[in-house]
Trainee: 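Structure below; questions to follow.
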Amino acid sequence: MSNINRQKLRSSREFIWFLLDFLMLGLLMVNMAFIIWDSIYSFVAIQNTLKEILPALQAAYQPIHENFIFYDLLFVAVFLTEFFVRWGHAAKTREYGRWYFYPFIHWYDLVGCIPIGGFRILRLLRVISIVHRLHRYGIIDITQYRAYQFINFYYEAFMEEISDRIVLKVISGIQSEAGRGSPLVSKIQQQVLYPRRQMISNWLSARVAKAAAESYVPNRGALRNYLEARVDHALQQNIELSRLKLLPVVGGTIARTLEDSVGDIVANIVHQILEDLASSANHAFIDDLVAAVLPNSVSAHKEQQANQALIEMIQEILEAVKTQVKVKRWRENLP
């Protein structure tokens, strides 16, 4: 552990406990290596191979193998001593509220001390617990280790595969429900959206007013000139108005007056509409629009075809979501 934050370790109020963590971590790793080696050595083929290749090593280790439980109990004695010391400290500082909570929370420490093969594997959880504690307090940074990066990469890939399948299953279920004519859309409309119609109207009214005020009001002069120019161009292309210009004496005057009047009327109408939208006067219009989109239960019942179109749109949206979920992000970072 070359990236130990020694400064934080020395300045911590739990300096002694962190040192104990490092000591226990070392003992646990030695003990796990000892257990793994003895498990391998228990095969007769391995023992015979050692007899031929390294007879001195086989002869020296054979008594240890025969008394493996005794040597393992030496480690267990140390682990239990550390467990009860930490339990006493936790009870004294009321770390877990009640003194008897500690063994339930750290059950794997206690059960892992049972010197039977199936329980010894729980000592690995103790290693993980100590490493996580040191990482959480910033004493070490496990994200810098290649082993962590390797395990974390495949863990994230595994979780992504599982979560993607769950999401696809859920979305497929929603599509199936909607395709069978599920009343989900009507329920959303009647139980969720319709009771909040006034809130939606207020929100839309405020958004429309803000958008109109920010987009139109600062540029009203340019918009008016544009509208007048477009109206003048349209009138100039009008055949009837061109014929009006052929009248003697007053024809040209009448045509110009009509062009100016129509352009001014159109510009004023658009100006007034946008002015209304940019003020609180738009609320009645927005309220009517929302009422048309979110009708009451009677009219909603008559709009089954419109709801079917909405269901088809939701189906297409969900299908697009499923396509995106199927993208394997973890493959982009594949080493």
Side-chain angles (χ1 to χ4, degrees), residues 104-105 107-108 111-112 118 121-136 140-204 206-208 211 286 289-335:
F104 291 100
I105 296 174
W107 61 271
Y108 49 86
V111 177
I121 194 64
L122 292 176
R123 297 176 194 178
L124 183 60
L125 293 180
R126 195 171 192 180
V127 173
I128 297 173
S129 174
I130 293 175
V131 172
H132 178 263
R133 169 181 162 83
L134 294 173
H135 175 75
R136 181 160 53 91
I140 62 173
D141 184 6
I142 61 175
T143 61
Q144 302 301 316
Y145 294 106
R146 290 188 178 182
Y148 171 83
Q149 295 171 358
F150 176 82
I151 295 172
N152 185 66
F153 172 79
Y154 285 101
Y155 170 78
E156 293 292 340
F158 173 75
M159 293 304 297
E160 182 179 345
E161 289 290 337
I162 296 297
S163 61
D164 285 356
R165 292 179 184 275
I166 294 174
V167 171
L168 290 174
K169 185 69 175 177
V170 171
I171 293 177
S172 297
I174 296 174
Q175 288 180 306
S176 178
E177 287 290 325
R180 290 199 300 265
S182 171
L184 176 62
V185 176
S186 297
K187 286 183 178 179
I188 293 174
Q189 183 174 332
Q190 297 302 318
Q191 300 178 13
V192 179
L193 297 178
Y194 185 76
R196 296 168 175 81
R197 188 179 67 177
Q198 190 61 43
M199 180 187 71
I200 296 173
S201 297
N202 294 337
W203 181 82
L204 283 176
R207 297 299 298 176
V208 170
I286 298 296
L289 182 63
V290 171
V293 176
L294 299 175
N296 56 33
S297 57
V298 177
S299 57
H301 180 70
K302 297 178 181 179
E303 295 185 356
Q304 186 174 1
Q305 293 182 349
N307 281 346
Q308 183 60 36
L310 180 60
I311 290 174
E312 292 176 359
M313 182 184 69
I314 293 175
Q315 293 272 31
E316 293 178 5
I317 292 174
L318 293 176
E319 195 63 38
V321 173
K322 287 172 63 177
T323 302
Q324 185 62 31
V325 169
K326 291 178 181 178
V327 176
K328 307 301 181 185
R329 297 294 182 189
W330 61 270
R331 293 181 180 175
E332 299 176 0
N333 301 319
L334 189 65

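Position 1 is the first residue of the sequence; numbering continues from there.
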Trainee: With sequence neighbours left out, what residues match I166 under side chain to side chain contact (heavy atoms under 4.5 Å, CB included)?
Mentor: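 Counting only residues at least two positions away or on another chain, I166 forms a side chain to side chain contact (heavy atoms under 4.5 Å, CB included) with I162, V170.
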Trainee: For residues 125-132, tabulate all N or O donor-acceptor pairs below 3.5 Å that involve a side-chain atom, not counting sequence neighbours.
Mentor:
| residue | atom | partner | partner atom | Å |
| --- | --- | --- | --- | --- |
| R126 | NH2 | F79 | O | 3.4 |
| R126 | NH2 | E82 | OE1 | 2.0 |
| S129 | OG | Y108 | OH | 3.1 |

Trainee: Can you establish whether the number of heavy atoms outside R146 located under 6.0 Å from its atom CZ is more than 12?
Mentor: no
Trainee: For I105, enumerate each residue passing the side chain to side chain contact (heavy atoms under 4.5 Å, CB included) test, keeping only those at least two apart in sequence or located in another chain.
Mentor: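 Testing I105 for side chain to side chain contact (heavy atoms under 4.5 Å, CB included), a comparison that skips the adjacent residues, returns Y96, F101.
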Trainee: To the nearest 0.5 angstrom, please state how far the OG atom of S172 sits from the CZ atom of R165.
Mentor: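 With rounding to 0.5 Å, OG (S172) is 12.0 Å from CZ (R165).
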Trainee: Restricting to ring-ring contact (aromatic ring centres under 6.0 Å, His included), what partner residues turn up for F150, sequence neighbours left out?
Mentor: Y154
Trainee: Please determine whether the number of non-hydrogen atoms from other residues, nucleotides or ligands lying under 6.0 Å from atom CG of L124 exceeds 12.
Mentor: yes
